[in-house]
A.B. asks: 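Provided herewith is a single structure, encoded as structure tokens, for subsequent inquiry.
The chains referred to below are lettered A, B, ... by the order of the sequence lines, with proteins before strands, and numbering in each begins at 1. Remember, it's a predicted structure, so these values are computed and weren't measured experimentally.
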Amino acid sequence: MAKEITNRTENYSQWYLDIVKKADLADNSAVRGCMVIKPNGYALWENMRDQLDRMFKETGHVNAYFPLFIPKSFLSREAQHVEGFAKECAVVTHHRLMNDPDGSGVIVDPSSKLEEELIVRPTSETIIWDTYRGWIQSYRDLPLLINQWANVVRWELRVRQFLRTAEFLWQEGHTAHATKAEAVAETLSILDIYTRFAEEYMAMPVIRGIKTANERFAGAEETYCIEALMQDGKALQAGTSHFLGQNFAKAFDVKFLNENNIEEYVWATSWGVSTRLIGALIMAHSDDDGMVIPPKLAATQVIIVPIPKPSPEIGEAADKVMKALRAKGIRVKYDLDDKKRPGFKFAEHEMKGIPVRLGIGMRDLENGQVEVARRDTKEKKSVPFDGVADYVAQLLDDIQQNLFDRARLFRDTHTTKVDNFDDFRSLIETPRPELSESWGGGFISAHWDGTTETELKIKELTKATIRCIPLDAEKEAGQCILTGKPSQGRVLFAKAY
RNA sequence: CGGGGUGUAGCGCAGCCCGGUAGCGCGCGUCGUUCGGGACGACGAGGCCGGAGGUUCAAAUCCUCUCACCCCGACCA
């Protein structure tokens, strides 16, 4: 069999790029750091987006759209915020082009310089809170639960398809509340949605936690996150939900009159997940044969391959199967290509991650059966023709569950409790060539004295950072692995994407 | 943004050192034989060698500058 995808153990980064290419998810573009999301990749995003959108709406959120451009002065209103984003902003300075007088093309018209430069949004807190000032006067206007689906730009120096691109697609929720308690509750309720989405739809187990001060969103009081472990033993932040306190309300002067006719600043949250989740999906489930997509997010859940090629008899049988599958809400396609041979198609559909493949040939028709192959384990089985829809419906559920179980087992077996710095270090530094040529060490659960100084020191020594303080961590007295100072509980360390 | 590497046909690469009419494998098109795990044969199409300057009678090849991608580092979802 011709091998077109690099093995994970050989070169994990190359494997990742090969998957993106061979599963036809994205292309590089003419612009550095910006990618073209191709139909296969975009279909994944659409399914993610649609599901998340349903979940947001079920919890009372509505969608709106705010401008791509933010006046430069807005960004500097919140000190922490501007500090966090200043280094990666694209700036619009002019609004017109003209023919180059020397005839060599087109140049920026110097006379079109903008009075105030515009920032291409890296995130929209500032322009949204500037808008909210006009929308909120009374406690009756609250809560304001708004989400937007948009693109943002962060001028990244080092980019990787889906994981870190200069432009990416995301959703950003921005809510306004009358009380601190309500805003905190919102932050956590969104974290629940993200957790459910990651685990039930992406089949990707996550750790819910709080970011340390050092890793907190610029301008937030508290950042909550979900963290997932990738197959190379590195952590990926899959979603964040921020409690913003009254920072933005104060910066943009957003006040409301409470029931007692007293003026107060509004409490805020913001939260987001991005196309990065597609990168997470790849690194959570895919293998050396290609992409593996959880059934709930697959644009095509079942592909029917006629063997050896389309024929009226097989087409008729395929139609019946498709009808039965569609009646159960299963997304199915029939491979009508009569040029490619079956073996080639098998490999191709596996590369693209379609969860289930049905093979129908003359032999199957004679025996009244269909060959069912599952992508996750690559097992094949012949199933009686009449029972195929039930069987496949159950199989899709099984695959979804198996992917989650497999990923959770992987995470659990690569999460290590460590009680001294030497063990910590050797865990991070010991290569695991059987897993990945660039093994990151997995999650490490260890005690930390709570100071940024220690956190940074550990990062400097090992490259590992504190991914989060897990929400469900038990209280456990211990000693910081670096300084030996007292600690009340373990935090989760890892090398991170 | 610093260090290293790579840009030649859709993809993977050779050619560059030592300048002289651009090659290979895969893929692609047509026809035939095939077809239950990436078929085979014949014929054929496809490239101003990433881009811009320069040196030269002559540049994929030498020089300068740029752009993009990959790896490592600092920064980050």
A.B. asks: Give me the distance, rounded to whole Å, that separates C76(B) from C17(B) when you measure between the P atoms they each carry.
C.D. replies: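 The same atom, P, in both gives a distance of 45 Å.
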A.B. asks: Would Phe252(A) and Tyr132(A) count as a ring pair (Phe, Tyr, Trp, His ring centres under 6.0 Å) here? Give the steps.
C.D. replies: CA-CA 9 Å; Phe252(A) 288 90; Tyr132(A) 280 1; over 10 Å; no
A.B. asks: Measuring only the P atom in each nucleotide, how far is U55(B) from A9(B)? A whole number of Å is fine.
C.D. replies: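 The same atom, P, in both gives a distance of 28 Å.
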A.B. asks: For Asp232(A) and Tyr497(A), does a side-chain donor sit closer than 3.5 Å to a side-chain acceptor?
C.D. replies: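 Yes, because at least one side-chain N or O of Asp232(A) sits under 3.5 Å from a partner of the opposite role on Tyr497(A).
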A.B. asks: Would you mind pulling out the nucleotide paired to C18(B), Watson-Crick or G-U wobble, both distances under 3.5 Å?
C.D. replies: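 Paired with C18(B), as far as the under-3.5 Å criterion goes, is no nucleotide at all.
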A.B. asks: Quick one, Glu200(A) and Thr195(A) - any side-chain contact, counting heavy atoms below 4.5 Å?
C.D. replies: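 They are not in side-chain contact.
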A.B. asks: Can you name the atoms? Protein N/O to nucleotides 69-71 of chain B N/O, anything below 3.5 Å, with the distance.
C.D. replies:
unit_1	atom_1	unit_2	atom_2	d
C69(B)	OP1	Gly33(A)	N	2.8
C69(B)	OP2	Arg32(A)	NH1	3.2
C71(B)	OP1	Ser13(A)	OG	3.4

A.B. asks: Contact class for Gln237(A) vs. all strands (heavy atom < 4.0 Å): base, sugar-phosphate, or nothing?
C.D. replies: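 Sugar-phosphate: the residue Gln237(A), judged by heavy atoms under 4.0 Å, touches backbone atoms but no base.
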A.B. asks: Look at the side chain of Lys380(A) and the base of G37(B), then say whether one donor and one acceptor between them are separated by less than 3.5 Å.
C.D. replies: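 When only heavy-atom distances are counted, Lys380(A) does reach the base of G37(B) through a donor-acceptor pair under 3.5 Å.
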A.B. asks: Just compare C35(B), G38(B), C76(B) and give me whichever is closest to any side-chain atom of Ala347(A).
C.D. replies: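 The answer is G38(B).
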A.B. asks: Please report the distance, rounded to the nearest Å, between CG in Asp338(A) and P in G32(B).
C.D. replies: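 It is 13 Å, rounded to the nearest whole Å.
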A.B. asks: Let me know the distance between CZ of Arg154(A) and P of C75(B), rounded to the nearest Å.
C.D. replies: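 Rounded to whole Å, this separation is 17 Å.
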A.B. asks: What does G23(B) pair with, Watson-Crick or G-U, if both distances are under 3.5 Å?
C.D. replies: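 C13(B) is the nucleotide pairing with G23(B).
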A.B. asks: Are Glu167(A) and Thr165(A) linked by a side-chain donor-acceptor pair shorter than 3.5 Å?
C.D. replies: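 Result is no, nothing qualifies.
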A.B. asks: For the side chain of Glu350(A) and the base of G37(B), is some donor closer than 3.5 Å to an acceptor across the two?
C.D. replies: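 Pair found.
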A.B. asks: With rounding to the closest Å, how many angstrom separate the P atoms on C71(B) and G32(B)?
C.D. replies: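 So the two P atoms sit 46 Å from each other.
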A.B. asks: Round to a whole Å and report the spacing from OH of Tyr497(A) to P of C76(B).
C.D. replies: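 Those two atoms, OH and P, are 18 Å apart.
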A.B. asks: By nearest nucleotide on RNA chain B, pick out whichever of Phe346(A) and Ala496(A) is the more 5' one.
C.D. replies: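 By nearest-heavy-atom nucleotide position, the 5'-most residue is Phe346(A).
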A.B. asks: Say we look at C18(B) and A58(B): how far apart would their C1' atoms be, to the nearest angstrom?
C.D. replies: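 One C1' to the other, the span is 16 Å.
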A.B. asks: Per the atom types in the model, does the base of G36(B) pair as donor or acceptor with the side chain of Arg341(A) at under 3.5 Å?
C.D. replies: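 Looking at the base of G36(B), it does not pair with any donor or acceptor on the side chain of Arg341(A) (distance under 3.5 Å).
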A.B. asks: Leu157(A) has a side chain; which of A74(B), G38(B), A77(B) sits nearest to it?
C.D. replies: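 Nucleotide nearest to Leu157(A)'s side chain: A74(B).
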A.B. asks: Can you list everything that forms a ring pair (Phe, Tyr, Trp, His ring centres under 6.0 Å) with Phe168(A)? Sequence neighbours excluded, please.
C.D. replies: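 Listed in chain order: Trp170(A).
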A.B. asks: Within this structure, what is the CZ-to-P distance between Arg276(A) and C76(B), rounded to whole angstrom?
C.D. replies: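 About 13 Å, once rounded to whole Å.
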A.B. asks: Is there a donor in the side chain of Arg8(A) and an acceptor in the side chain of Gln231(A), or the other way round, less than 3.5 Å apart?
C.D. replies: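 A donor-acceptor contact under 3.5 Å links the two side chains.
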A.B. asks: Which one is paired to C48(B), where only Watson-Crick or G-U wobble pairs with both distances under 3.5 angstrom count?
C.D. replies: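 By the stated definition (distances under 3.5 Å), nothing pairs with C48(B).
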A.B. asks: If the cut-off is 4.0 Å, is Lys339(A) near the phosphate of G38(B), judged by side-chain N/O to OP1 or OP2?
C.D. replies: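 No, outside the criterion.
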A.B. asks: Searching all strands shown, indicate the nucleotide that pairs with A60(B) (Watson-Crick or G-U wobble; both distances under 3.5 Å).
C.D. replies: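 With both distances under 3.5 Å required, A60(B) matches none.
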A.B. asks: Pairs in or reaching into residues 197-236 of chain A: which pass ring-ring contact (aromatic ring centres under 6.0 Å, His included), with residues at least two apart or in two chains?
C.D. replies: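 Pairs touching residues 197-236 of chain A that pass the test: His81(A)-Phe217(A), Phe85(A)-Phe217(A), Phe197(A)-Tyr201(A), Phe217(A)-His242(A).
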A.B. asks: Start at the 5' end of RNA chain B and walk down; is the nucleotide closest to Arg164(A) or to Gly361(A) reached first?
C.D. replies: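 This one resolves to Gly361(A).
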A.B. asks: Go through C76(B), G37(B), G38(B) for me and flag the one nearest to the Glu156(A) side chain.
C.D. replies: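 Nearest to the side-chain atoms of Glu156(A), counting from C-beta on, is C76(B).
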A.B. asks: How is Thr165(A) classified with respect to the nucleic acid when contacts are heavy atoms under 4.0 Å: base, sugar-phosphate, or nothing?
C.D. replies: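 Contact class for Thr165(A): base.
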A.B. asks: Going by purine N1 to pyrimidine N3 plus the second Watson-Crick contact, or the G-U wobble pair, all under 3.5 Å, which nucleotide sits opposite A42(B)?
C.D. replies: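 WC or wobble partner is U30(B).
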A.B. asks: Counting only Watson-Crick pairs (N1-N3 plus N6-O4 or O6-N4) and G-U wobbles (N1-O2, O6-N3), all under 3.5 Å, who is the partner of U6(B)?
C.D. replies: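 Across all strands, the one nucleotide that pairs with U6(B) is A68(B).
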A.B. asks: Atom NZ of Lys234(A) and atom C1' of A77(B): how far apart are they, to the nearest Å?
C.D. replies: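 Between C1' of A77(B) and NZ of Lys234(A): 17 Å.
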A.B. asks: Just checking Phe168(A): base, sugar-phosphate only, or nothing, at a heavy-atom cut-off of under 4.0 Å?
C.D. replies: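 Phe168(A): base contact, heavy atoms under 4.0 Å.
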A.B. asks: What is the separation between atom CG on Asp337(A) and atom C1' on G38(B), rounded to the nearest whole Å?
C.D. replies: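 In whole Å, G38(B) C1' and Asp337(A) CG are 14 Å from each other.
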A.B. asks: Between atom NZ in Lys87(A) and atom P in A74(B), what is the gap in whole Å?
C.D. replies: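 Result: 14 Å.
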A.B. asks: Please classify the nucleic acid contact of Ser274(A) as base, sugar-phosphate, or nothing, using heavy-atom distances under 4.0 Å.
C.D. replies: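 Base: the residue Ser274(A), judged by heavy atoms under 4.0 Å, touches a nucleobase.
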A.B. asks: If we take the C1' atom in both C40(B) and A68(B), what is their distance in whole Å?
C.D. replies: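 Pairwise C1' distance, C40(B) against A68(B), rounds to 40 Å.
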A.B. asks: Tell me yes or no: between the side chains of Glu221(A) and Asn247(A), is some donor less than 3.5 Å from an acceptor?
C.D. replies: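 Yes.
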A.B. asks: I would like to know whether Glu348(A) and Lys340(A) meet salt bridge (charged side-chain N to carboxylate O under 4.0 Å, His left out); could you show each step before the answer?
C.D. replies: CA-CA 10 Å; Glu348(A) 193 175 46; Lys340(A) 292 172 182 143; 3.8 Å; yes
A.B. asks: Contact class for Lys463(A) (heavy atom, under 4.0 Å): base, sugar-phosphate, or nothing?
C.D. replies: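 Counting heavy atoms under 4.0 Å across all strands, the contact made by Lys463(A) is with sugar-phosphate only.
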A.B. asks: Sticking with atom C1', work out how far C72(B) lies from C26(B), rounded to a whole angstrom.
C.D. replies: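 Rounded to whole Å, the distance is 32 Å.
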A.B. asks: Any side-chain heavy atom of Arg467(A) sitting closer than 4.5 Å to one from Glu215(A)?
C.D. replies: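 With C-beta onward as the side chain, the pair touches.
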A.B. asks: With a 3.5 Å limit on both atom pairs, tell me what C35(B) is paired to, counting Watson-Crick and G-U wobble, or say none.
C.D. replies: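 Matched C35(B) with nothing under the 3.5 Å cut-off.
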A.B. asks: If we take the P atom in both A22(B) and C48(B), what is their distance in whole Å?
C.D. replies: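 Between the two P atoms, the distance is 12 Å.
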A.B. asks: Starting at NZ of Lys211(A) and ending at C1' of A77(B), how long is that distance when rounded to a whole Å?
C.D. replies: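 After rounding, the gap between these two atoms is 9 Å.
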A.B. asks: Write down the partner of C75(B) under the Watson-Crick or G-U wobble criteria, each distance required to be under 3.5 Å.
C.D. replies: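 When the pairing criteria are applied, nothing turns out to pair with C75(B), so the answer is none.
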A.B. asks: Determine the interatomic distance between C1' on G51(B) and the same-named atom on U30(B); round to the nearest Å.
C.D. replies: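 After rounding to an integer number of Å, I get 37 Å for this pair.
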A.B. asks: Does a donor on one side chain and an acceptor on the other come within less than 3.5 Å for Thr377(A) and Glu379(A)?
C.D. replies: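 Judged by distance alone, the side chains do pair up.
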